[in-house]
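A short write-up of the structure that comes next.
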Amino acid sequence: ALFTLGRYEESGRAFTTYTVLFPTGADWAAAQEGVVRSAYEIGAEMMRHRDWAGARAAWSRFLEQHPLHASARQTFFAIGELYVLEAEGKPAEEAQPLLEKALRHWGDLASRWPGTEEASHALFASGNLLETRLDRLDEAIAAYRRCIFGSWAGGAQASLARMVEEDLTVATPRAWRGGEAARVHLDLRNLEELTVEIFPLDLEVYFRNHHSHEGVGDLDLDLIAPAIQFTWKAPDYRRYAPLARDLDLPVEGLGAWAVAVSGKNLRATTLVLRSDLDLLVKSSREELLVLAEDMHKLREKGVCEMFLP
C-alpha cells in the first residue's frame with residue numbers, strides 16, 4: 001500500500017523489515033524486489049519533480065546498494081540523461097558543463113560494460129549529443145563509428161552515413177515580385193563549392209508540353225548552354241556540418257528560369273518565377289471566373305491568356 005501511494009522511502013523500510021524478520025517467508029523474494037523497486041522509485045519521483053541532483057543522488061545510492069540488479073546498467077545510463085535534461089533551456093555557458101558530464105558518464109558506461117545494449121545506447125547518445133548540442137562533429141563521427149553492436153547500431157550507422165556523405169537540395173520558397181531579388185534556398189553538406197547554372201524558360205511552351213509547371217528537374221539541361229553560370233563557395237564551410245543558405249540570382253526582369261546547382265556528383269534543379277501577376281480563381285462545375293491583377297500597378301490586368309491542364 002505504501003508503494004502504491006508513492007511513499008517509497010517508507011515502503012522500502014517496510015519491505016526491508018520483512019526480509020530481516022522472515023528470511024524464509026513465502027514472500028521474501030517479492031519483498032526483496034520491493035526493496036529494489038522502492039529504492040529506484042525514490043530517484044524516479046525526484047526526476048518527475050525535476051529535482052535533477054536529488055534524482056542522481058538517489059540512483060547513485062541505488063547502484064551502490066544493488067550493483068548486480070538487472071536494471072543497474074539502465075539506471076547508470078539514466079543518470080547521464082539527467083544531466084541532459086537539466087541542461088535543457090539553460091544558457092550555453094551553463095548547459096555545456098552539464099552536457100560534458102553526461103558524455104563522461106556515458107563514456108564510463110561504455111568502458112565498464114562493453115558490448116552491452118546499454119553501451120550501444122550510450123555510444124549513440126554520445127554521438128548525438130556531440131553532433132546536435134556540442135557541435136563537435138569529429139568526435140561525433142568517432143562515437144558513431146564505435147557503435148557497431150546492439151539495437152542502437154543501426155541508428156548510429158545511419159547518422160554516420162548522413163554526416164559523411166555529400167548532400168544537396170535546392171528549392172524556391174515562393175514566386176518573386178518584379179522589385180525583389182529572385183533567390184533559391186540551398187541545403188547542403190560536405191560541399192565546399194557549387195556550380196550554378198541559370199536557363200531562361202518559356203513557361204508557356206513548357207506548360208503546353210507537360211501540362212504542369214512541375215518536373216523541371218527532369219529537363220535534360222546538359223544539352224543546353226546556360227545563359228548565366230557562376231561558382232558559389234559556401235561561407236563558413238565545415239566538413240560534416242549541414243549548411244543552409246539563400247542564394248540571390250543575377251537575373252533581370254520578369255520571367256521564369258530553370259536553376260541547376262551542382263557539386264561533385266550531385267545536381268539539383270528548381271523553377272524560379274518572378275512575376276507581378278496575381279490570379280484569383282473561382283470555379284463551379286460549369287463556369288470558371290478568373291481575376292488577374294497587376295500587383296505592381298495595383299490594377300486589373302487587361303487581357304490575359306490562360307492555359308488549363
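Partner of Phe77 under the ring pair (Phe, Tyr, Trp, His ring centres under 6.0 Å) criterion, chosen from Trp106, Trp113, Trp59, Tyr83: Trp106.
Arg48 meets the side-chain contact (heavy atoms from CB on, under 4.5 Å) test with Tyr8, Glu41, Ala44, Glu45; sequence neighbours excluded.
Think of Phe149 as one node in a network of Ile, Leu, Val, Met, Phe, Trp and Tyr side chains linked at under 4.5 Å; its network also takes in Leu123, Ile148. Grouped by direct or indirect side-chain proximity (heavy atoms under 4.5 Å, Ile/Leu/Val/Met/Phe/Trp/Tyr only), Ile141 sits with Phe124, Leu137, Tyr144, Trp152, Leu160, Met163, Val164, Tyr240.
Checked for salt-bridge contact, Glu165 and Lys264 miss the test: no charged N lies under 4.0 Å from a carboxylate O. Comment: Lys101 does not engage Glu86 in a salt bridge, judged by the lack of any side-chain N to carboxylate O separation of less than 4.0 angstrom. Between Arg267 and Glu197 there is a salt bridge, since a side-chain N of the basic residue sits under 4.0 Å from a carboxylate O of the acidic one. Look at Asp138 and Arg238 and you find no salt bridge, because none of the NZ, NE, NH1 or NH2 atoms lies under 4.0 Å from a carboxylate O.
Following chains of ILVMFWY side-chain contacts shorter than 4.5 Å, one cannot reach Leu277 starting from Trp176, and the two form parts of different hydrophobic clusters. When the side chains of ILVMFWY residues are joined at heavy-atom separations under 4.5 Å, either directly or via intervening members, Leu271 and Val251 end up in two distinct hydrophobic clusters.
Under a cut-off of 6.0 angstrom, the local environment of CZ in Arg56 is crowded, with over 12 non-hydrogen atoms contributed by other residues, nucleotides or ligands. For Asp248, the CG atom is densely surrounded, since the number of other residues' heavy atoms within 6.0 Å is greater than 12. Atom CZ of Arg245 has more than 12 heavy atoms from other residues, nucleotides or ligands within 6.0 Å.
Side-chain contact between Asn128 and Ser159 is absent, with no heavy-atom pair separated by less than 4.5 Å. By the 4.5 Å heavy-atom criterion applied to side chains, Asp108 and Phe76 are counted as neighbours. Between Pro226 and Ile198, the closest side-chain pair of non-hydrogen atoms is not below 4.5 Å. Looking only at side-chain heavy atoms (C-beta outward), Arg112 and Arg73 stay at 4.5 Å or farther from each other. Side-chain contact between Leu109 and His121: absent, with no pair of heavy atoms (C-beta onward) separated by less than 4.5 Å. Using a 4.5 Å heavy-atom cutoff, the side chains of Leu191 and Tyr237 are not in contact. Met47 is listed as a side-chain neighbour of Trp52, based on a closest heavy-atom distance under 4.5 Å. Taking the side chain as every heavy atom from C-beta outward, Leu249 and Arg274 never approach each other to under 4.5 Å.
Between Trp257 and Phe199, the ring centre distance reaches or exceeds 6.0 Å.
The nearest pair of heavy atoms linking Leu254 to Gly178 is CD2-CA, 3.5 Å. Nearest approach of Leu63 to Ala72, heavy atoms of both residues: CD2-O, 3.3 Å. Shortest non-hydrogen contact noted between Thr172 and Arg183 is CG2-O, 4.2 Å.
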